[in-house]
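Let me begin by presenting the structure, written as structure tokens, before commenting on it.
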Amino acid sequence: MLRNGLLDSPSSITSLINMYSKCNRIGYAFGIFNTASPDRNVFAYNATIASLVAHGQAEKGIELYREMREIGIIPDRFTFPCVIKGLSDLMNASEVKKAHGLVFKLELTLDVFVGSALINCYLKFGLMQEAEMLFDRLSTRDVVLWNSMVNGYAQTGQLDKALEVFREMCEVGVVPSRFTVTGVLSVFSEMDDLESGRAIHGFVVKIGYGSSVPICNALIDMYSKCKSMEDAFEIFATTEGKDLYSWNSIISAHESSGDYDATLRLFGKMLSRRVRPDLVTVTTVLPACSNLAALSHGKAIHSHILVSGNRYDTNDVLLNNAIMDMYVKCGSMRDALSVFENMRNKDVASWNIMIMGYAVHGYGNAALDFFRQMRDRRFRPDMVTFIGVLSACSHSGFLRQGREFLAQMESLYGVVPTVEHYTCIVDMLGRANQLKEAYEIARSMPFESNSVVWRALLAGSRLHGNVEIAEIALTKVLELDPGHCGSYVLISNAYVAAGRYDEVIDVRDLMRQKNVRKVPGCSWIELKDGVHAFINSDKTHPLSDRIYAELLSLTARLSEQGYVPGT
DNA sequence: CAAGTGCAAT
């Protein structure tokens, strides 16, 4: 076509580039731009830069911007919005400052689009004063500009400021748009302010935005963050044309309310409705698998990620951490390790997950080995790292090293110990029957003690049948957390271990008096067709006879190996 | 010839 002279004018080239860009064919758009080399004017450059930036290829777009500057093409008011957006994607603050200087020189500062791009960029960089100054100077502040300010404050966590700007915009008579509403709803989600969220919901209906999918999505999220699940589900159920955000929002709502069964169910429903999950979906669903110890579901999601080509960024650290954590919590350190070893980018959390995994599965040496490796590769251990390290010492009985780590974590690594670290130490000493020292630490540690610490001490006392310390610990637990039924069971077991059966009855009485009920123990077992929940002594499962038979033989094999259950 | 803002997970 080009050779035939049908598209020989610069304006047709620009139109063609725009057409391909709109159809998401940036390869073609870029190709047209490249073949049209003698006819490249500012229009062709603008269209191509815009296309590249809009499709996440800011690097290439900025390259073109530099090229057009070098050959002496003067950028115009259409060039800057996409160039600034591109520089903001690349987090290149110094180039933005330069571009801003050029905008000033070319007298384009009063253009709303250029101004808006600059404002958004400064907001993204957290340079609030710069953004405010530009905003104040623009005389024609349209609703888009107001939205940028409201959302900029919302996204940087300055919630009060976001609401202040929102009120100001309403006062000067600018009618909120759909974009305003979603931003303001996110503020109320973050503030856990159900009443204000409901008020916005009312406004949404009144002004006729009720069928906007993004607004419904924001409402789902607001209601779920404000812990009103019924409302969240109601909105979801009535949203016409649910998109990826709708599904991700409702899945996340169930995940954060702790309903992991429903989380997985909704994920399956989403797939059956042919809505394709993305990185956000899987990073929300994986923890649900972890919590249910649903290894096969987790593995299925992992496989789905691996076979989905470029759909997922398999170098994403958070995604890989979620996969590793799932394998750790489902008990497969081997799979976790293989993910860890194949990760190109690792962060402190990646190491922490492995250390904690080895710790709780009883591989104390492996945990400490990973700690040393992480340190040698110049990762800075943090609070969580030391929880893992101390848990490793506790679970594997490395008393000397545990004490050493606690003593050195601040001086050598700059991590100030917290109650949780002391709890690990109390737990460690308790398991090792060093109950006096454990009690001393629980009593005198430099923090307000909490029930978790005393429960750790109680668990240690039970394990070794130390009724005296168990009683002290129980008193403390009940003082700090009166409803905790596990404590009654623990002390009851301590009396059993000490042979003081008459007092076991006292505990049952006490529980009755305090109206405390033991929540039945529950375990999960994964069979071919899914995860099954078992409540202690539950005989309702269709296969319970076979399962209990299997459990009995398992227990027998365990005791042959010298394992004595601590009940 | 053509442009700027929102909602989901860590």
Side-chain angles (χ1 to χ4, degrees), chain A residues 9-19 21-22 41-51 53-54 75-85 88 108 111-121 123-124 138 141-152 154-155 162 176-187 189 204 209 212-222 224-225 232 235-236 239 242-253 255-256 263 270 277-288 316-322 325 347 349-350 353:
Chain A
S9 76
S11 80
S12 343
I13 289 162
T14 306
S15 306
L16 205 49
I17 291 169
N18 283 321
M19 189 272 290
S21 171
K22 265 193 199 123
N41 59 7
V42 66
F43 298 110
Y45 270 101
N46 289 352
T48 314
I49 296 171
S51 162
V53 170
D76 64 9
R77 67 203 161 91
F78 288 96
T79 318
F80 286 109
C82 55
V83 165
I84 291 161
K85 171 83 183 349
S88 133
L108 295 171
D111 185 277
V112 215
F113 291 92
V114 176
S116 142
L118 279 168
I119 286 173
N120 284 314
C121 178
L123 288 171
K124 188 183 165 197
L138 284 166
R141 293 183 205 159
D142 62 6
V143 67
V144 176
L145 234 34
W146 281 101
N147 291 345
S148 297
M149 294 304 288
V150 173
N151 292 327
Q155 277 153 17
S177 72
R178 290 168 173 82
F179 288 77
T180 327
V181 171
T182 48
V184 171
L185 280 173
S186 80
V187 172
S189 319
V204 160
Y209 291 165
S212 154
V213 176
I215 289 184
C216 290
N217 299 342
L219 283 169
I220 293 168
D221 182 60
M222 182 275 293
S224 106
K225 298 250 166 73
I235 303 280
F236 176 77
T239 301
K242 298 177 187 60
D243 64 6
L244 184 60
Y245 278 86
S246 321
W247 286 96
N248 285 349
S249 301
I250 199 69
I251 287 174
S252 148
E255 143 76 29
S256 48
T263 307
M270 166 182 187
D278 71 348
L279 197 98
V280 174
T281 324
V282 293
T283 48
T284 313
V285 174
L286 281 168
D316 189 280
V317 186
L318 294 170
L319 175 60
N320 284 320
N321 287 351
D325 196 49
D347 66 2
S350 321
I353 290 164

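Below, chains carry the letters A, B, ... as their sequence lines are ordered, and counting in each starts from 1. Below, each value reflects all heavy atoms present in this structure, side chains not excepted, and no hydrogens, waters or symmetry copies.
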Whole-Å gap separating P (B:dA2) and CG (A:D111): 16 Å
Contacts of A:C82 that satisfy side chain to side chain contact (heavy atoms under 4.5 Å, CB included) - sequence neighbours left out: A:I49, A:A50
Sugar-phosphate only, base, or nothing, as touched by A:N46 at under 4.0 Å among non-hydrogen atoms: base
Side chain of A:S249 (C-beta onward), nearest among B:dA2, B:dA8, B:dG6: B:dA8
Residues in side chain to side chain donor-acceptor pair (under 3.5 Å) contact with A:S224, at least two apart in sequence or another chain: none
Whole angstrom value for the distance that separates C1' of B:dA9 from CG of A:D316: 10 Å
A:S252 side-chain N/O to B:dA9 phosphate OP1/OP2 under 4.0 Å: yes
OP1 or OP2 of B:dT5 under 4.0 Å from side-chain N/O of A:Q155: no
4.5 Å side-chain heavy-atom contact, A:N320 and A:S350: no
Atom-to-atom span, NZ of A:K242 to C1' of B:dC7 - whole angstrom: 16 Å
Sugar-phosphate only, base, or nothing, as touched by A:V112 at under 4.0 Å among non-hydrogen atoms: base
Nearest-nucleotide pick for A:K85, side chain only, options being B:dT5, B:dC7, B:dA3: B:dT5
Sugar-phosphate, base or nothing in reach of A:L145, heavy atoms under 4.0 Å: base
Sugar-phosphate only, base, or nothing, as touched by A:K225 at under 4.0 Å among non-hydrogen atoms: sugar-phosphate
CD1 on A:I220 to CD1 on A:I250, rounded to 0.5 Å: 5.5 Å
Spacing of A:I220 atom CD1 relative to B:dA9 atom C1', expressed in whole Å: 15 Å
Stacking of A:F113 on B:dG4 base (centres under 5.5 Å, planes under 30°): no
Whole angstrom value for the distance that separates C1' of B:dA2 from CG of A:L108: 15 Å
Side chain of A:L244 - closest among B:dA8, B:dG6, B:dA9: B:dA8
Touch class at under 4.0 angstrom, heavy-atom based, for A:N321 against every strand present: nothing
Residue pair A:R77 / A:V114: nearest heavy atoms and the distance that separates them: O-CG2, 3.6 Å
A:M270 CE to B:dA9 P, straight-line distance once rounded to whole Å: 14 Å
Listed nucleotide nearest any side-chain atom of A:V144, set B:dT5, B:dC1, B:dA8: B:dT5
Distance-only donor-acceptor test, A:T284 side-chain atoms vs B:dA9 base atoms, 3.5 Å: no
Touch class at under 4.0 angstrom, heavy-atom based, for A:D243 against every strand present: nothing
Closest nucleotide among B:dA9, B:dG4, B:dA8 to the A:D142 side chain: B:dG4
Derivation of the side chain to side chain donor-acceptor pair (under 3.5 Å) call for A:S249 and A:N217: CA-CA 7 Å; A:S249 301; A:N217 299 342; 5.3 Å; no
Nucleotide B:dC7, atom C1' - distance to CG of A:N147 in whole Å: 13 Å
Length of the CG-P vector between A:L219 and B:dG6, whole Å: 18 Å
Selected nucleotide, minimal atom distance to A:N120 side chain, candidates B:dC7, B:dG4, B:dG6: B:dG4
Minimum-distance nucleotide (side-chain atoms of A:T14 versus B:dA3, B:dC1, B:dA9): B:dC1
